[in-house]
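Working notes for the structure below.
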Amino acid sequence: MSQTKVLLVDDEVEFVLALAERLQLRNYYVNTANNALEALGIIYKDPPDVIVLDLKIPGMDGLETLKTIKKFDPAIEVIMLTGHGDVRSVEEGMKSGAFEYIMKPIDIGELTSKIDKAHGKRKKE
Amino acid sequence: MENKNEVLRLLQLRFIGKILAAFTHEIKNYISIIKESAGLMGDMIKLGKKSRNEPGEYLEIIHSIEEHIEKTNDLFRYLNRFSHRMDTEISSFNVNETLEELIALLTRFANQRKISLEKEFQKDIPSMNNNPAMLQFLVFHFLEEKIARLDKNSRLIIKTESANGSTVIRIIPKGNLLDIDKENFTYELQDNVVRQLGGNISLEKEETVISVPLTPS
């Protein structure tokens with residue numbers, strides 16, 4: 001079975017590295033970025049199936065990044081990472097085409113289940 | 001006057017809300033790192049990952065967990081001190097410590113706009129006997145305003161020095177300042193707050209200079 005290609009975008013380097021390794025151990029192919037520009041560079045070069053995107057990243061706002069990704073390729077599914085105070089951003093993100101959101105600190109089982117569903121949707125389209 | 005006091009009170013509540021939001025956001029990040037690091041160690045054991053550098057990799061993860069517990073503890077300490085600043089109106093305090101906790105609680109907020117907050121504190125600065133919560137509130141508004149106006153990748157220096165029985169706090173932006181509307185915190189309100197502290201505010205180019213006596217008269 002082919003690996004799901006995931007891009008993790010969060011400015012907390014250690015969080016991203018640990019999460020990337022946990023996903024790799026579960027047989028996902030993972031790229032990481034710590035800011036919006038880096039993420040967009042990876043998306044153009046090596047488009048992922050699913051992006052896990054923190055809404056609060058430096059450089060470009062997470063919502064702006066989401067809109068840019070959706071403009072580049074509407075079929076790339078985006079799962080937003082958020083703290084629980086960001087209800088307005090979550091609503092706006094869902095309206096802008098995000099597939100789902102997940103709250104920090106995350107549950108790895110919940111995240112992989114959302115990634116799989118998002119990938120399943122991408123494959124159908 | 002009633003209206004002015006009401007606005008001031010609302011702005012103080014907004015200030016506390018902002019500090020709490022920044023604090024909880026940062027704590028959540030640290031907890032996420034701790035949780036993922038511990039989860040990774042668990043995965044390595046459960047899923048039988050053979051690491052190239054086994055106890056070394058475990059030790060590295062444990063070190064990261066310890067470091068983030070330490071950072072979490074520091075932030076809790078700052079928040080606790082910040083909360084107690086409001087216990088009594090006038091108290092004896094060290095201005096550097098008071099600003100340090102404010103900066104620690106606002107760093108995340110500044111970093112998100114890619115602005116670094118830098119301290120240039122005079123060592124052995126005399127203690128003040130004034131209203132520390134009000135002083136933090138005042139400094140916060142100038143920091144917030146400058147952070148909103150500064151271009152990305154700029155610096156904001158917070159400098160303290162003592163001069164003629166007063167403490168002088170300089171807020172020095174290093175970067176391009178954009179013109180934006182100054183929201184609710186009008187010059188009239190700034191004046192009202194600084195008068196309560198017995199001090200004054202002046203502008204030297206883009207630099208804000210707050211001068212507050214060690215003891216209000």
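The shown structure was predicted, so the numbers you read here are calculated from the model rather than taken from an experiment. Letters A, B, ... mirror the listed sequences (proteins, then strands); counts begin at 1. Keep in mind that the numbers below use all heavy atoms, side chains included, and drop hydrogens, waters and symmetry copies.
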*Any idea which of Gly39(B), Ser37(B), Gly42(B) has the most non-hydrogen atom pairs under 4.5 angstrom with chain A?*
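Of Gly39(B), Ser37(B), Gly42(B), Gly39(B) has the most heavy-atom pairs under 4.5 Å with chain A.
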*Going by an N to O cut-off under 4.0 Å, is there a salt bridge joining Asp11(A) and Lys114(B)?*
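A salt bridge is absent here (no side-chain N lies under 4.0 Å from a carboxylate O).
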*Considering only NZ, NE, NH1 and NH2 on the basic side and carboxylate oxygens on the acidic side, decide whether Lys35(B) and Glu14(A) come within less than 4.0 Å.*
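A salt bridge is absent here (no side-chain N lies under 4.0 Å from a carboxylate O).
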*Nearest heavy-atom neighbours spanning Pro105(A) and Ile31(B)*: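 For Pro105(A) versus Ile31(B), the nearest heavy atoms are CG-CG2, 3.8 Å.
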Distance in Å, [X] [atom1] paired with [Y] [atom2], rounded so as to fall on 0.5 Å steps:
X        : Y        : atom1 : atom2 : result
Glu12(A) : His68(B) : CD    : NE2   : 6.0 Å
Asp43(B) : Arg22(A) : CG    : CZ    : 4.0 Å
Ile33(B) : Leu19(A) : CD1   : CG    : 11.5 Å

*Distance-only, no hydrogens or angles: does the Lys28(B) side chain make a donor-acceptor pair with backbone N or O of Lys104(A) under 3.5 Å?*
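Confirmed, Lys28(B) side chain pairs with Lys104(A) backbone.
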Counting only heavy atoms not in [X], do more than 12 fall under 6.0 Å of its [atom1]?
X         : atom1 : answer
Glu110(A) : CD    : yes
Tyr78(B)  : OH    : yes
Lys117(A) : NZ    : no

